[in-house]
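Shown next, in structure tokens, is the structure this report addresses.
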Number of protein chains: 2
Amino acid sequence: MASMPTVYDVAAAAGVSTATVSRYFRDPDRVSPSTRTSIAEVVQSLGYVPSGLARGLAERQTGSIGLYSFGDHEADEYVQPSPAPGAGVEEIDERNERVRLFPLFADEVLRGVELECTIGKTPLTVGWQGLDGGGIALDDLARRVDGLILLPHVMSRETLQLLARTRPMVMVSEAAIPGLPVGSVTVDNRAGVGALVRHLIVAHGHRTFEFVGRPTVALDYRERRQGFEDALTEAGISVPEVTRVGDSGRTGTRDAFLHRLRERPLPDAFVCASDQTALGVIEAMQAQGIRVPTDVAVTGFDGIVAGRLCTPSLTTVRQPMETLGRTAVRLLSEQMAGEGARHLTLPVQLAVRRSCGC
Amino acid sequence: MASMPTVYDVAAAAGVSTATVSRYFRDPDRVSPSTRTSIAEVVQSLGYVPSGLARGLAERQTGSIGLYSFGDHEADEYVQPSPAPGAGVEEIDERNERVRLFPLFADEVLRGVELECTIGKTPLTVGWQGLDGGGIALDDLARRVDGLILLPHVMSRETLQLLARTRPMVMVSEAAIPGLPVGSVTVDNRAGVGALVRHLIVAHGHRTFEFVGRPTVALDYRERRQGFEDALTEAGISVPEVTRVGDSGRTGTRDAFLHRLRERPLPDAFVCASDQTALGVIEAMQAQGIRVPTDVAVTGFDGIVAGRLCTPSLTTVRQPMETLGRTAVRLLSEQMAGEGARHLTLPVQLAVRRSCGC
DNA sequence: ATGAAAGCGCTAACAT
DNA sequence: ATGTTAGCGCTTTCAT
């Protein structure tokens with residue numbers, strides 16, 4: 001690359017000062033038509049593009065907002081099947097492929113963020129935290145942007161506190177942190193699971209349930225489990241132990257679940273904390289010859305696309321993921337405009353498909 | 001927001017020089033343990049985060065790469081259905097919903113780019129060009145990054161030329177531009193359509209075909225059409241006129257197509273230039289009571305998710321979209337490392353589903 | 001309408 | 001191990 005020309009180069013070549021070149025880009029009307037054209041020529045011939053870095057430094061802002069997401073894509077199940085190079089055009093039958101886990105929650109939220117950024121003409125800087133310590137650090141992203149949207153993450157409260165002091169932030173699907181001026185958008189997890197459980201009871205007459213998930217301190221897990229317990233209690237059904245599963249997505253779930261299957265008889269329904277967990281559960285049972293939903297119902301939570309592509313399709317609670325993203329951007333804009341941090345809870349929908357027996 | 005503390009503030013409070021503070025962040029080992037802790041304390045209490053802008057300016061690079069994409073999301077069909085706030089948990093039946101156009105080509109490519117960025121620990125700055133002149137300008141994105149990946153766009157050759165002089169760029173699904181040091185990744189469009197047409201001939205015995213698309217100068221359109229014509233010629237079938245459709249995605253296609261339906265009898269098969277076009281065609285025909293694939297076969301090109309969710313599911317040529325994105329990042333990295341611009345063509349797969357009659 | 005010059009916050013020689 | 005200081009490329013008063 002030819003080393004980048006600067007304002008000085010342009011100014012010199014055009015026989016004007018750097019101030020005039022700067023004006024040419026920021027407010028052309030303040031430059032006389034004749035100098036305007038001569039600067040334009042120089043810009044073309046030099047291939048000059050103003051440095052966003054220097055501009056931002058002088059303006060004291062980057063002009064970009066940040067999204068901190070997670071990159072959970074090592075496993076095959078996240079990767080799009082791709083043909084080997086060289087051969088002709090291979091014919092494939094997707095019914096024999098494993099359902100790919102894309103797009104997931106984070107991808108749909110990103111979509112919403114993207115939408116608002118397009119409208120607001122704001123470039124978005126995305127940083128992904130890898131599972132294994134890969135990806136970039138939150139700080140690294142934070143210093144590049146004027147405001148941050150955080151997807152649920154394991155991150156220290158100190159880091160959060162440090163960053164929240166100097167820049168607007170909005171969390172998606174995380175509980176508001178008392179004392180920190182950080183906005184948040186969540187969904188009504190409890191109501192969602194409640195509606196789901198009532199559907200299983202009322203429409204299918206189920207009486208025995210098991211909640212399956214990876215116990216964490218995360219808001220969504222806690223609330224969904226609470227919704228499960230409340231709904232059962234309300235129906236006069238006793239609350240069973242949680243069936244714990246591993247954390248590495250579908251595979252981990254499947255292995256942990258095979259163990260569970262050997263221990264106790266099946267309930268009427270497995271209510272899973274997420275769609276990904278439910279997909280693992282279904283896979284584990286199909287591997288054992290147990291039929292879903294004939295032998296047992298299985299439900300999820302989230303509304304990811306894979307839940308529609310799998311067999312049987314997954315009855316679940318659908319979050320307005322895209323709206324979560326859009327709302328996060330709006331709340332962030334408010335905060336960047338000096339308004340206070342707000343906390344919003346969005347409604348969910350019950351998506352009745354096959355895995356519940358419907 | 002408390003106005004941001006700077007290195008000077010930290011240095012002063014810790015009783016050291018700014019150079020030491022800088023070293024503390026960039027190479028802690030070069031700072032003695034005792035000063036290290038005292039700096040750490042000051043950083044915490046001040047809430048100091050280094051400015052990426054100033055750092056980048058001094059280092060002469062942003063440390064981020066850019067993706068210029070398109071934001072084609074005004075229409076309903078791109079938006080995730082979302083519940084009205086306030087009500088309880090609404091129950092939905094997705095079979096009555098229109099298939100949402102997400103994720104599309106650009107989203108899958110983004111996914112691939114994302115994957116490589118996570119591995120490379122590189123933040124990604126994305127800019128979207130809106131359809132109606134919304135979104136951000138390519139220049140705006142360009143000045144913020146060290147290298148650019150371009151999705152297919154309408155953009156002036158001058159802009160491209162200007163930018164390509166000073167920074168590495170890679171185009172996805174666009175023809176290499178002679179004389180410009182811009183890398184590119186494409187897929188084998190001709191082979192893909194060829195395989196598709198042969199499938200229709202061999203497996204289904206079809207003899208009359210029509211190519212449906214929006215004629216443009218874009219590489220993908222030209223190559224796909226060429227593949228269509230070559231395959232027919234090879235089979236001794238005469239090549240018909242192209243059926244032209246509008247440009248606004250599914251809706252535009254449908255309207256243009258209704259017009260077509262009134263004019264001539266149906267062929268055995270409509271070979272569409274893209275999945276989105278095919279979805280519009282199917283919708284138009286279903287609106288007329290024409291059955292797919294019973295009355296006529298319809299095929300697409302791309303392999304977007306909506307093609308699997310629609311009824312009948314869409315027989316199509318699947319591009320390795322994620323791999324396109326990953327490859328683009330790799331080529332860009334090469335160029336940023338000083339290597340030359342390369343041009344790669346990736347293979348495609350034939351995804352046989354229902355809409356061809358299988 | 002244009003110019004001169006002082007920052008913006010950090011890094012990286014070069015010194016000590 | 002730490003400090004001094006000259007940039008990095010742009011914006012923006014304040015003059016003219």
Side-chain angles (χ1 to χ4, degrees), chain A residues 1-40 42-43 46-64 139-140 142-146 166-167, chain B residues 1-40 42-43 46-64 139-140 142-146 166-167:
Chain A
M1 292 299 111
S3 76
M4 313 257 189
T6 72
V7 250
Y8 298 107
D9 301 324
V10 177
V16 297
S17 74
T18 61
T20 302
V21 177
S22 178
R23 285 188 201 104
Y24 167 82
F25 281 101
R26 308 189 62 77
D27 189 3
D29 292 338
R30 288 171 54 202
V31 177
S32 80
S34 62
T35 36
R36 209 146 52 191
T37 51
S38 73
I39 291 180
V42 173
V43 166
L46 253 46
Y48 171 70
V49 179
S51 153
L53 254 13
R55 174 177 289 187
L57 183 57
E59 284 178 333
R60 263 156 262 249
Q61 57 168 329
T62 66
S64 173
D139 321 48
D140 188 1
R143 49 170 153 261
R144 300 166 180 281
V145 298
D146 299 329
T166 48
R167 61 212 70 206
Chain B
M1 292 299 109
S3 75
M4 312 259 188
T6 72
V7 250
Y8 299 107
D9 301 325
V10 176
V16 297
S17 74
T18 60
T20 303
V21 177
S22 179
R23 286 189 200 104
Y24 168 82
F25 281 102
R26 306 189 64 77
D27 189 4
D29 291 338
R30 287 169 55 201
V31 177
S32 82
S34 62
T35 35
R36 211 147 51 193
T37 51
S38 71
I39 291 179
V42 173
V43 166
L46 253 47
Y48 171 71
V49 179
S51 153
L53 254 14
R55 174 176 290 187
L57 182 58
E59 284 178 335
R60 264 158 262 243
Q61 57 170 328
T62 67
S64 175
D139 322 46
D140 188 1
R143 48 170 152 262
R144 301 165 180 281
V145 299
D146 300 329
T166 48
R167 61 213 69 206

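In this text, all values refer to a predicted model and were calculated from it rather than measured experimentally.
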Nucleotide of [options] approaching [X] most closely (side-chain heavy atoms):
X: B:Val7; options: D:dC10, C:dT2, C:dG9; result: C:dG9
X: B:Ala19; options: D:dC10, C:dC10, D:dG3; result: D:dG3
X: B:Thr6; options: D:dT11, C:dC10, C:dA13; result: C:dC10
X: A:Ser22; options: C:dT2, D:dT11, D:dG9; result: D:dT11
X: B:Ser51; options: D:dG9, C:dG9, C:dA5; result: C:dG9
X: B:Thr20; options: C:dT2, D:dT2, C:dA5; result: D:dT2
X: B:Pro50; options: C:dA12, C:dC10, D:dT12; result: C:dC10
X: A:Val16; options: D:dC10, C:dG3, C:dG9; result: C:dG3

Hey, is the side chain of [X] pairing donor to acceptor with the base of [N] inside 3.5 Å?
X: A:Tyr8; N: D:dC8; result: no
X: B:Arg143; N: D:dG9; result: no
X: B:Arg60; N: D:dG9; result: no

Over how many whole Å does the gap from [X] atom [atom1] to [N] atom [atom2] extend?
X: A:Arg23; N: D:dT13; atom1: CZ; atom2: P; answer: 11 Å
X: A:Arg55; N: D:dT11; atom1: CZ; atom2: P; answer: 5 Å
X: B:Asp29; N: D:dA1; atom1: CG; atom2: C1'; answer: 13 Å
X: B:Phe25; N: C:dA12; atom1: CZ; atom2: P; answer: 15 Å
X: B:Met4; N: C:dC8; atom1: CE; atom2: C1'; answer: 13 Å

_Check: B:Ser32/B:Ser34 side-chain N/O donor and acceptor closer than 3.5 Å_ = yes

*Within the structure shown, what part of the strands sits under 4.0 Å from B:Thr35 by heavy-atom distance: base, sugar-phosphate, or nothing?*
sugar-phosphate

*asked:* Can you work out whether B:Ala58 or A:Arg30 has the more 5'-proximal nearest nucleotide on DNA chain C?
replied: A:Arg30

_Both B:Arg26 and A:Ser17 contact DNA chain C. Which one's nearest nucleotide lies toward the 5' end?_
A:Ser17

*Distance check: side-chain N/O of B:Tyr24 vs OP1/OP2 of C:dT11, anything under 4.0 Å?*
no

_Looking at D:dT2, I'd like to know if its phosphate oxygens (OP1 or OP2) sit under 4.0 Å from a side-chain N or O belonging to B:Ser32._
yes

